[in-house]
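Below is one structure; the comments refer to it alone.
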Number of protein chains: 2
Amino acid sequence: MPKLVDHAQRRAEIVDALLRTAADRGLHAVTMQSVALEAGISVRLVQYYFDTKEQLLLAALTRLAARMGERIENRLRSAGDTATPAEIVEAVMLEAIPADAEGRAFHLVYTEYAVLSVTDAALASQPFMAEPDGMEVFLVRQLRAAQQAGDVDPEVDVRREAVALMAMSAGLGLSVLLGQRPADDAFETVRHHLKRLFQSITPDPAAPKSSSSS
Amino acid sequence: MPKLVDHAQRRAEIVDALLRTAADRGLHAVTMQSVALEAGISVRLVQYYFDTKEQLLLAALTRLAARMGERIENRLRSAGDTATPAEIVEAVMLEAIPADAEGRAFHLVYTEYAVLSVTDAALASQPFMAEPDGMEVFLVRQLRAAQQAGDVDPEVDVRREAVALMAMSAGLGLSVLLGQRPADDAFETVRHHLKRLFQSITPDPAAPKSSSSS
DNA sequence: TGCTTTATGGTACAACCATACCATCAAGCG
DNA sequence: CGCTTGATGGTATGGTTGTACCATAAAGCA
């Protein structure tokens, strides 16, 4: 045998090339040739490591889903062990909003995959949308903990609230992606809304005005 | 001359054929041939009425944006003249959630265009995203009116709240489109949230329990 | 040392796509 | 009545795409 290439790494490089091209020219611009060019290899090699284009696309999606998990975990880790439910919920919601170029690229490709999955059977059967369901129960747990800590009104329907929070962050993220509003605006909206939610039981007459934060 | 065809109507038929194919096979499946087939005419005719594919896509987008306006106006009209700001806001938000097949088709294609516009220069320059901005000022007005009527806490930042409401309905609509949750669930979430917003000044101790949770 | 296996390049091929070109039919105007 | 003009069909064409096929260099094993 020749160079004895590490297949896993080579596949990762190719997948990254795909994600890069998808990020700045769209998922529809992803072809065997464009990926090969971006990866600096021949088309034949892309074929060699991923027999068919569909398998390549699925591998990229898998990678993307994994990265999504990493991103959220990183957010939570950087929040530290002493993080309150309010801080955790905020971290998760802010993750859905693309701030820097990397975040934009990530969320764009992810959204492209999601929309494509509506009309593409091969993608629809892929369980990469399990995330939202898991996220929902996670948020519910955080809200319940906040309720028991007295930070959230015990009358709040935590399940409904969790759904609303996820929808809001997704919607804000999308609007930022579409260039309808700057990321900072979305950030502020999230913080403002969470402040309301987490203060709903203690209106604290000493400082009723929201004032500045962050 | 022969049949002396009404160009406007013929163009409308072709555009509708495009929207139909896009709705059930995706925007990426829209080709001159697929549109011609769906419209029951020859490819040459599609070429005849829309010189290039790009013009055809732009025409379809224009039609889509117009239909968006009609849809919202219909919602508002069916709410009647006596509608309260709360009812108007609810109507607008529910419109963003695809309930029936037609709504699904409409929102799917619209979302596909929106996502495509991120990487497609020709679409990005199109001002079909002016809607959200106009919608924002519309919602702000409604919320202000509600404040003056005493239905919304006067301390609420109406502009922030409007942004949050739009994001939430967009996010819920997207999740329904992606099959992550049923439309009824999204409806309930909207209603539940609006009930909180519009009762924030009158907590009505007679019926504090909103419903049971999971 | 020779053979097998792996990694790679190049190229061919069939399908498809957008578009251009050529032809035709019919209707109203002169 | 003939000619022009609008509406349509068919087909060619150049480009691109995904995939299959053929070839070859190199590295370890026998």
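Note on naming: letters A, B, ... go to the chains in the order of the sequence lines (proteins, then strands), and numbering restarts at 1 for each one. All values derive from a computational prediction rather than experimental measurement.
- Side-chain contact between B/L177 and B/I97 is absent, with no heavy-atom pair separated by less than 4.5 Å.
- C/dA18 atom P lies 13 Å from atom CG of B/L37, rounded to whole Å.
- We find that CD1 of B/I14 is positioned 12 Å from C1' of D/dA7, with the value rounded to whole Å.
- Spacing between atom CD of A/Q55 and atom C1' of D/dT19 amounts to 13 Å, rounded to whole angstrom units.
- Going from atom CG of B/L45 over to atom P of C/dA18 covers 16 Å, rounded to whole Å.
- Checked against D/dG9, C/dG9, D/dT17, the side chain of A/T31 finds its nearest nucleotide in D/dT17.
- Of the candidate nucleotides C/dT6, D/dT19, D/dA7, D/dT19 has the atom lying nearest to any side-chain atom of A/M32.
- Here B/T52 reaches the OP1 or OP2 of C/dT19: one of its side-chain N or O atoms lies under 4.0 Å away.
- When the nearest nucleotides of DNA chain C are assigned to A/G40 and B/E54 by heavy-atom distance, the more 5′-ward of the two goes with A/G40.
- The interatomic distance linking B/R11 (CZ) with D/dA7 (P) rounds to 12 Å, in whole Å.
- Distance check, rounded to the nearest 0.5 Å: CG of B/L37 to CD of B/Q33 gives 9.5 Å.
- Which of D/dT8, C/dT19, D/dC21 sits closest to the side chain of B/R10 comes down to D/dT8.
- At whole-Å resolution of the value, CZ in A/F50 and P in D/dG18 are 15 Å apart.
- Of the side-chain N and O atoms in A/H7, none sit less than 4.0 angstrom from OP1 or OP2 of C/dT6.
- In this entry the distance linking OH of A/Y48 with P of C/dG10 reads 17 Å, nearest Å.
- Here C/dT19 is the nucleotide among C/dG9, D/dG9, C/dT19 with the atom lying nearest to any side-chain atom of B/K53.
- For A/S42, a side-chain nitrogen or oxygen approaches OP1 or OP2 of C/dG9 to under 4.0 Å.
- In this structure, of D/dA7, D/dG9, C/dA7, it is C/dA7 that holds the atom nearest to the side chain of A/Y49.
- Between A/R191 and A/E188 there is a salt bridge, since at least one side-chain N of the basic residue sits less than 4.0 Å from a carboxylate O of the acidic one.
- Here the C1' atom of nucleotide C/dC17 and the NE2 atom of B/H28 are 15 Å apart, to the nearest Å.
- Relative to the side chain of B/Q47, the nucleotides C/dA18, D/dT19, C/dA20 differ in distance, and C/dA20 lies closest.
- Electrostatic pairing of A/D120 and B/R25 does not count as a salt bridge here, judged by no charged N lying under 4.0 Å from a carboxylate O.
- Remark on DNA chain D: of its neighbouring residues A/Q33 and A/R44, the 5'-side contact belongs to A/Q33, judged by nearest-heavy-atom nucleotide.
- Using a cut-off of 4.0 Å between Lys/Arg side-chain N and Asp/Glu carboxylate O, B/R71 and B/E102 are scored as salt-bridged.
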